[in-house]
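Everything on this sheet refers to the single structure shown next.
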Number of protein chains: 2
Amino acid sequence: MDKSTLINIIRRYEQAHFTIERRLNALFRDMMPEELTVDQFLTIRYIRHNARTTSSELADAFCVGKSSITAIITRLVDKGLIARVPAPEDRRVICLTLTSEGERLSETLEEKMQELIGDCIRHFDAEEGRQFIETYEKLAQVLLQSPAGEENGSS
Amino acid sequence: MDKSTLINIIRRYEQAHFTIERRLNALFRDMMPEELTVDQFLTIRYIRHNARTTSSELADAFCVGKSSITAIITRLVDKGLIARVPAPEDRRVICLTLTSEGERLSETLEEKMQELIGDCIRHFDAEEGRQFIETYEKLAQVLLQSPAGEENGSS
DNA sequence: CCTTATAGTTCAACTATAGAACTATTCTAG
DNA sequence: CTAGAATAGTTCTATAGTTGAACTATAAGG
């Protein structure tokens with residue numbers, strides 16, 4: 001890719017990314033029930049798909065410090081949506097699991113969120129969708145390999 | 001697009017979107033100088049490219065309430081990066097402009113951010129980049145037309 | 001005029017976040 | 001085996017962003 005093409009795409013990416021990020025987040029916020037924030041939902045969704053995860057794993061996945069996760073987890077435990085389960089094999093570790101209510105709520109909201117995203121992307125034809133998602137996943141891969149949020153910088 | 005293809009893409013979009021959003025945000029955060037947050041940078045960048053904007057316009061663009069914008073603006077004024085300029089033609093309106101320091105800082109950071117995004121997307125060849133950005137912009141268009149954050153819901 | 005709408009601010013309450021200090025474990029090297 | 005380092009998680013303080021309601025000031029329109 002030559003330089004001017006790259007610059008053009010960067011500029012357009014910034015613009016589109018901003019719009020999508022802000023708008024989608026607003027739609028998600030409106031979709032949430034009274035008692036749950038978007039971040040809290042993303043947390044229970046993560047736990048639902050990654051059974052017996054831990055605070056440290058969540059901190060890595062969400063690219064935030066562990067104390068942020070403690071705060072979110074505490075709120076979710078208070079709401080009765082998740083439980084802290086000490087791990088028998090390593091007594092420093094606390095495994096996180098959904099309660100049945102958390103399970104039910106997460107499933108319901110995941111469906112609603114999928115509908116919402118579906119409404120956005122059903123406009124594209126299958127080939128366009130396939131090409132788009134493949135590049136988008138490549139982008140995610142690039143970011144997974146770059147040192148985002150790693151505590152041990154290379155310097 | 002048939003149903004199973006759509007469902008497959010939705011699932012993959014959710015996953016990739018989460019990764020990209022979180023990782024990119026962490027990279028942006030690390031890039032920021034001590035005295036500025038990502039949201040504050042996005043605000044001065046918006047003002048730089050939309051001269052004499054207002055709180056209401058920012059609230060629309062960022063999909064948040066006006067009181068959030070007031071808070072951010074106040075912090076940026078305190079840091080000497082932007083100025084509140086009363087509009088002569090309508091005395092309810094306050095126009096926002098960058099100070100020369102805000103201008104300089106925003107420009108510097110925009111360049112750094114473009115480099116960072118460039119590092120992520122230079123992996124793609126020109127054709128893939130072109131196709132991706134076109135679909136991505138279509139998605140942004142869909143979201144601009146949907147009622148995200150609108151106060152006057154259709155119901 | 002008087003009412004209604006609009007632009008922006010203030011305030012209280014809450015969530016998310018960072019970072020440092022801390023406790024409790026586990027690992028590791030001598 | 002034990003002392004020190006590393007790891008998992010929490011607590012605490014401070015700050016930023018957010019909402020929503022109440023408020024001020026101005027403008028527009030009957």
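All of these numbers come straight from a predicted model, not from anything done at the bench. Below, read A as the first sequence line, B as the second, and so on, with proteins coming before strands; counting in each chain starts at 1.
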**Item:** Close approaches to DNA chain D from residues 72-88 of chain B, in residue order (heavy atom, under 4.0 Å)
**Value:** B/I72, B/R75
**Request:** Could you check B/I72 against B/L58 for side chain to side chain contact (heavy atoms under 4.5 Å, CB included), going step by step and ending with a plain yes or no?
**Result:** CA-CA 11 Å; B/I72 294 181; B/L58 282 167; over 6 Å; no
**Item:** Any donor-acceptor pair under 3.5 Å from A/T99 side chain to A/G80 backbone
**Value:** yes
**Asked** If only atom types and distance count, is the side chain of A/K138 paired as donor or acceptor with the main-chain N or O of B/F124 below 3.5 Å?
**Response** no
**Message:** Can you see if the side chain of A/S67 gets near the phosphate of D/dG9 - specifically, an N or O under 4.0 Å from OP1 or OP2?
**Reply:** no
**Request:** Output yes when at least one side-chain N/O atom of A/R29 is less than 4.0 Å from OP1 or OP2 of D/dT19, else no.
**Result:** yes
Between [atom2] on [N] and [atom1] on [X], what's the gap in Å once rounded to a whole number?
X     : N      : atom1 : atom2 : answer
A/D30 : D/dT18 : CG    : P     : 14 Å
A/K66 : C/dT23 : NZ    : C1'   : 12 Å
B/E57 : C/dT6  : CD    : P     : 17 Å
A/E89 : D/dA8  : CD    : C1'   : 13 Å
B/I94 : C/dT6  : CD1   : P     : 18 Å
B/M32 : C/dA18 : CE    : P     : 14 Å
B/F41 : D/dA16 : CZ    : C1'   : 18 Å
B/E34 : C/dG19 : CD    : P     : 8 Å

**Message:** Taking donor-acceptor contacts at under 3.5 Å, does the side chain of A/R91 reach the base of C/dT25?
**Reply:** no
**Message:** I'd like to know if B/R22 and A/D39 make a salt bridge, using a cut-off of under 4.0 Å between side-chain N and carboxylate O.
**Reply:** yes
**Message:** Less than 4.0 angstrom from a charged side-chain N to a carboxylate O is my criterion; do B/R11 and B/E14 meet it?
**Reply:** no
**Prompt:** If you check the A/S56 side chain, which of D/dA8, D/dT18, C/dA7 turns out closest?
**Reply:** D/dA8
**Prompt:** Which of parallel (below 30°), tilted (30 to 60°) and perpendicular (above 60°) describes B/F62 and A/F18?
**Reply:** perpendicular
Reckon [X] touches a base, only the sugar-phosphate, or nothing at all at heavy-atom distances under 4.0 Å?
X     : answer
B/S68 : base
A/T70 : base
B/T37 : sugar-phosphate

**Asked** Is it the case that B/H49 and B/E110 place a side-chain donor and acceptor less than 3.5 Å from each other?
**Response** yes
**Request:** Identify, between A/R92 and A/V38, the residue whose nearest nucleotide on DNA chain C lies closer to the 5' end.
**Result:** A/V38
